[in-house]
A.B. asks: 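The structure is given below, and queries will be raised subsequently.
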Amino acid sequence: MHARRRPAFATGPWAAVVYRFGMADQLQMYIDGAWVDARSGDRFDTTDPATGAVLASIPRAGSDDVELAVAAARRTFDDGTWGSAVAERDRAAILFRMAELVRAQQRELAELEVRDCGKPIGDAMGDIAEVAFMFEYYAGWATKISGDIPPVGPDAMSLIVKEPVGVCGLIVPWNYPMLMAAQKVAPALATGCTVVLKPAEQTPLTALRMAAIAEQAGIPAGVFNVVTGIGAEAGAPLLTHPGVDKISFTGSKAVGQMIQRTCADQLKRVTLELGGKSPNIVFADAALDRAIPGTSLGIFGNQGEVCSAGSRVFVHRSVYDDVLQGMTDFAAGMKLGSGLDPETTMGPLVSAQQRDRVQAYIDSGPADGATLAYAGQRPDDPALAGGYFVPPTIFEATNGVRIAREEIFGPVAAVIPFSDLDEVVTMSNDTEYGLAAAIWTRDIGLALRTARAVRAGVVWINDSQPAPSETMWGGYKQSGIGRELGPYALDAYLETKQIYINLG
Ligand code: NAI
Ligand code: MG
């Protein structure tokens with residue numbers, strides 16, 4: 001059952017490997033340095049959302065498989081295989097190699113990502129470039145994590161040291177599959193933690209490729225494990241397993257709340273990156289030639305499947321008609337299609353379930369008092385008839401309607417007029433979420449006053465959505481707990497210890 005057979009794409013020299021699509025490959029997952037099936041033998045299919053066609057068959061892991069993966073991660077953490085017995089610079093060297101391997105396979109990984117989650121190829125190329133940089137960035141940090149020596153008088157010394165938190169269960173979503181995985185895997189490995197990664201069931205392919213890359217880069221068997229499967233079967237056992245020290249999760253608020261509750265039993269450390277209903281504020285003096293495309297991409301980019309999407313578009317009354325018209329023109333100019341077509345600017349949603357969810361929100365808008373201002377067209381290519389497309393949709397709304405309150409996670413904008421700063425700040429903050437905000441104005445004082453008044457973890461001024469790995473990411477309020485990216489992510493994977501020495 002635990003044969004060391006490799007998936008088709010993991011054989012041969014990497015440069016020559018071409019992952020051919022459309023075949024029903026029986027892929028395996030990666031546990032303790034071996035490519036394995038689920039112990040039960042169960043499998044599930046991952047599909048191409050542009051066509052609905054099956055892409056590959058994937059092991060459907062259950063608690064038996066999670067047990068093996070956690071045991072491997074526990075063993076390699078406790079015996080120092082990756083953490084305490086390895087020089088930081090040696091860990092760094094392996095992570096730098098992972099970055100190189102990702103970069104060398106950028107195109108192939110991007111195509112895999114497009115096939116699995118639907119996004120346009122140009123966007124996927126950008127995601128994979130950032131994955132490579134993410135490994136490089138945290139490789140650099142591996143040799144720079146230091147503690148402190150606080151003063152405690154002449155007769156003693158106190159050393160504050162940082163240590164890896166241990167075995168990390170990393171549960172990631174399907175909207176930026178490899179990037180969300182790297183955002184957790186890279187800092188976890190850099191600090192000396194060992195890892196069990198659970199990709200989303202909709203998009204397991206690039207996580208499996210990350211395992212192949214880790215293996216090739218020289219990560220020792222057991223340090224980095226990937227269990228594929230359904231959340232309740234392959235993710236949930238990580239939450240209750242006493243061998244797991246830390247859970248880092250990105251996904252829906254409902255699952256995040258359940259994770260926090262479940263992990264409380266063992267007081268596992270928890271980082272949560274959840275949803276949002278982020279305000280995008282266009283002031284009267286904004287440079288509309290930049291604000292209109294930026295605002296439009298802030299909600300229509302990545303099909304709107306973005307936790308920080310600027311889904312509530314607040315526009316000053318004096319430019320309201322111009323911005324609404326500009327967004328409509330922008331939406332009408334978007335080209336829906338297969339993400340593999342370089343002309344495509346909007347792909348399908350990730351799954352039939354997500355399409356239906358988003359469509360139900362669109363259907364609820366008019367009944368709730370919102371006015372449909374624009375609805376785009378599905379692609380007419382018969383080859384895409386089975387795809388899960390939802391065209392860009394714009395509503396004129398108020399802040400109280402359901403489509404302006406609940407996270408839709410699709411290309412649906414709620415455009416809402418405002419008259420003054422107080423009003424727009426009050427409406428912006430009138431949400432349970434607090435992930436991000438975008439502000440468009442040429443008045444620096446107004447921009448910064450607004451940035452400070454908005455209760456959100458990330459604020460963009462005259463831009464929307466950039467999230468460089470060197471910076472910081474995370475939400476206020478019900479958008480999450482903890483921080484990712486930059487040096488802030490390291491804290492999520494470190495414990496702090498004090499060693500007190502009596503010099504007497
Ligand atoms: P989800 O929260 O169910 O899935 C995210 C990850 O959690 C996946 O890997 C899934 O397998 C895992 N998971 C699900 N149930 C689990 C459980 N009981 N125990 C452990 N792990 C579990 O999100 P879903 O259902 O795919 O999407 C629903 C909505 O969630 C979206 O419409 C969107 O509003 C939101 N979402 C937010 C994301 C974000 O980046 N903040 C990403 C994905 C979804
Ligand atoms: Mg898929």
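Order of appearance sets the numbers: ligands from 1, and atoms from 1 within every ligand.
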A.B. asks: Verify the distance criterion only: is there a donor paired with an acceptor across the side chains of Thr345 and Lys335 at less than 3.5 Å?
C.D. replies: no
A.B. asks: Nearest to atom 42 (C) of ligand 1, what protein heavy atom do you find, and at what distance?
C.D. replies: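 Among all protein heavy atoms, the one nearest atom 42 (C) of ligand 1 is Pro173 CB, 3.2 Å.
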A.B. asks: So is Tyr176 in contact with ligand 1, going by heavy-atom distances below 4.0 Å?
C.D. replies: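 The answer is no, since Tyr176 has no heavy atom less than 4.0 Å from ligand 1.
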A.B. asks: Where the closest heavy atom to atom 24 (P) of ligand 1 is concerned, which of Tyr433, Trp174, Phe409 has it?
C.D. replies: Trp174
A.B. asks: Check whether any protein heavy atom sits under 4.0 Å from atom 13 (N) of ligand 1.
C.D. replies: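 Within 4.0 Å of atom 13 (N) of ligand 1, protein heavy atoms are found.
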A.B. asks: So if I count the atoms of ligand 1 from 1 in the order they appear, which ones are less than 4.0 Å from some heavy atom of Gln354?
C.D. replies: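 Near Gln354, the atoms of ligand 1 are 31 (C), 32 (O).
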A.B. asks: Who's the nearest protein heavy-atom neighbour of atom 31 (C) of ligand 1, and how far?
C.D. replies: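 Here the closest protein heavy atom is Arg357 NH1, 3.6 Å.
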A.B. asks: Could you list the atoms of ligand 1 found under 4.0 angstrom from a heavy atom of Gln202?
C.D. replies: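 Answer, ordered by atom number: 26 (O).
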A.B. asks: Quick check: does Thr250 get an N/O under 3.5 Å from an N/O on ligand 1?
C.D. replies: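 No, since none of the N or O atoms of Thr250 sits under 3.5 Å from an N or O of ligand 1.
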A.B. asks: What is the closest protein heavy atom to atom 9 (O) of ligand 1, and at what distance does it sit?
C.D. replies: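 Its nearest protein heavy-atom neighbour is Val172 O, 2.8 Å.
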A.B. asks: Report the member of Ala207, Ser479, Ser252 with the shortest heavy-atom distance to atom 36 (N) of ligand 1.
C.D. replies: Ser252
A.B. asks: Set out, in order, the CA-CA distance, both residues' side-chain angles and the distance that settles side-chain hydrogen bond (donor to acceptor under 3.5 Å, both in side chains) for Glu113 and Thr206, then state yes or no.
C.D. replies: CA-CA 6 Å; Glu113 203 78 305; Thr206 46; 2.7 Å; yes
A.B. asks: Quick check: closest heavy atoms across Thr471 and Pro487, and the distance to 0.1 Å?
C.D. replies: O-CD, 4.4 Å
A.B. asks: For atom 21 (N) of ligand 1, which of the options Gly231, Gly251, Gly410 provides the nearest non-hydrogen atom?
C.D. replies: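 Comparing heavy atoms across Gly231, Gly251, Gly410, the nearest one to atom 21 (N) of ligand 1 lies in Gly231.
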A.B. asks: Heavy-atom distances under 4.0 Å decide this one: backbone, side chain, both or neither, for Leu274 against ligand 1?
C.D. replies: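 Looking at Leu274 and ligand 1, just backbone atoms fall under 4.0 Å.
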A.B. asks: Among side-chain atoms of Thr250 and Lys184, is any donor-acceptor pair under 3.5 angstrom?
C.D. replies: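 Yes, Lys184 and Thr250 have a side-chain donor paired with an acceptor closer than 3.5 Å.
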A.B. asks: Do any non-hydrogen protein atoms sit less than 4.0 Å from atom 4 (O) of ligand 1?
C.D. replies: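 Given the 4.0 Å limit, the answer for atom 4 (O) of ligand 1 is no, no protein heavy atom qualifies.
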A.B. asks: Given Glu484, which partner from the list Met180, Glu273, Met472 fulfils the side chain to side chain contact (heavy atoms under 4.5 Å, CB included) test?
C.D. replies: Glu273
A.B. asks: What I want to check is whether the side chains of Glu407 and Ser311 have a donor and an acceptor closer together than 3.5 Å.
C.D. replies: no
A.B. asks: Counting backbone and side-chain atoms alike, does Gln202 have an N/O/S atom under 2.8 Å from the Mg ion (ligand 2)?
C.D. replies: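 So Gln202 does bind the Mg ion (ligand 2) by this criterion.
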A.B. asks: I'd like to check which ligand 1 atoms, numbered from 1 as shown, lie under 4.0 Å from a non-hydrogen atom of Ala236.
C.D. replies: 19 (N), 20 (C)
A.B. asks: Scan side-chain atoms only and decide if Gln478 and Lys253 contain a donor-acceptor pair under the 3.5 Å cut-off.
C.D. replies: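 Yes, a side-chain donor-acceptor pair sits under 3.5 Å.
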A.B. asks: Can you name the atoms of ligand 1, numbered from 1 with element, that are less than 4.0 Å from a heavy atom of Glu407?
C.D. replies: 33 (C), 34 (O), 35 (C)
A.B. asks: Looking at the Mg ion (ligand 2), is one of the N, O or S atoms of Thr47 less than 2.8 Å from it?
C.D. replies: yes
A.B. asks: Just by distance, no angles: are the side chains of Ser308 and Gln465 close enough, under 3.5 Å, to form a donor-acceptor pair?
C.D. replies: yes
A.B. asks: So which protein heavy atom does atom 10 (C) of ligand 1 come closest to, and at what separation?
C.D. replies: Glu201 OE1, 3.5 Å
A.B. asks: Check for me whether Lys246 meets the cation-pi criterion with Tyr493, that is, NZ or CZ under 6.0 Å from the six-membered ring centre and within 45 degrees of the ring axis.
C.D. replies: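 Positive - Lys246 is close enough to the ring of Tyr493 and near enough to its axis.
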A.B. asks: Who's the nearest protein heavy-atom neighbour of atom 18 (N) of ligand 1, and how far?
C.D. replies: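 Checked against all protein heavy atoms, atom 18 (N) of ligand 1 sits closest to Met258 CE, 3.2 Å.
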A.B. asks: Rounded to the nearest 0.5 Å, what separation is found between the CD1 atom of Ile362 and the CZ atom of Arg357?
C.D. replies: 12.0 Å
A.B. asks: Do you know the tightest heavy-atom contact between Arg355 and Leu349?
C.D. replies: CA-CD1, 3.8 Å
A.B. asks: With backbone taken as N, CA, C and O and side chain as the heavy atoms from C-beta onward, which portion of Met180 lies under 4.0 Å from ligand 1: side chain, backbone, both, or neither?
C.D. replies: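 Neither; no heavy atom under 4.0 Å.
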A.B. asks: So, Asp116 and the Mg ion (ligand 2): N/O/S under 2.8 Å, yes or no?
C.D. replies: yes
A.B. asks: For Leu55, run the side chain to side chain contact (heavy atoms under 4.5 Å, CB included) check against Asp45, Leu27, Asp116 and tell me which one passes.
C.D. replies: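 With Leu55 as partner, side chain to side chain contact (heavy atoms under 4.5 Å, CB included) holds for just one option, Asp116.
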A.B. asks: What protein heavy atom lies closest to atom 7 (O) of ligand 1? Include the residue and the distance to one decimal.
C.D. replies: Phe249 CE1, 3.2 Å
A.B. asks: Going by atom types alone, do Trp440 and Asn280 pair a side-chain donor with an acceptor below 3.5 Å?
C.D. replies: yes
A.B. asks: Around atom 39 (C) of ligand 1, find the nearest protein heavy atom and jot down its residue, atom name and distance.
C.D. replies: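 Minimum-distance protein heavy atom for atom 39 (C) of ligand 1 reads Cys307 CB, 3.6 Å.
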A.B. asks: At a 4.0 Å threshold, what atoms of ligand 1 neighbour a non-hydrogen atom of Asn175?
C.D. replies: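 Listed by number with element, the hits are 40 (O).
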A.B. asks: Looking only at side-chain N and O atoms, does Glu406 offer a donor or acceptor that is under 3.5 Å from a partner on Tyr361?
C.D. replies: yes
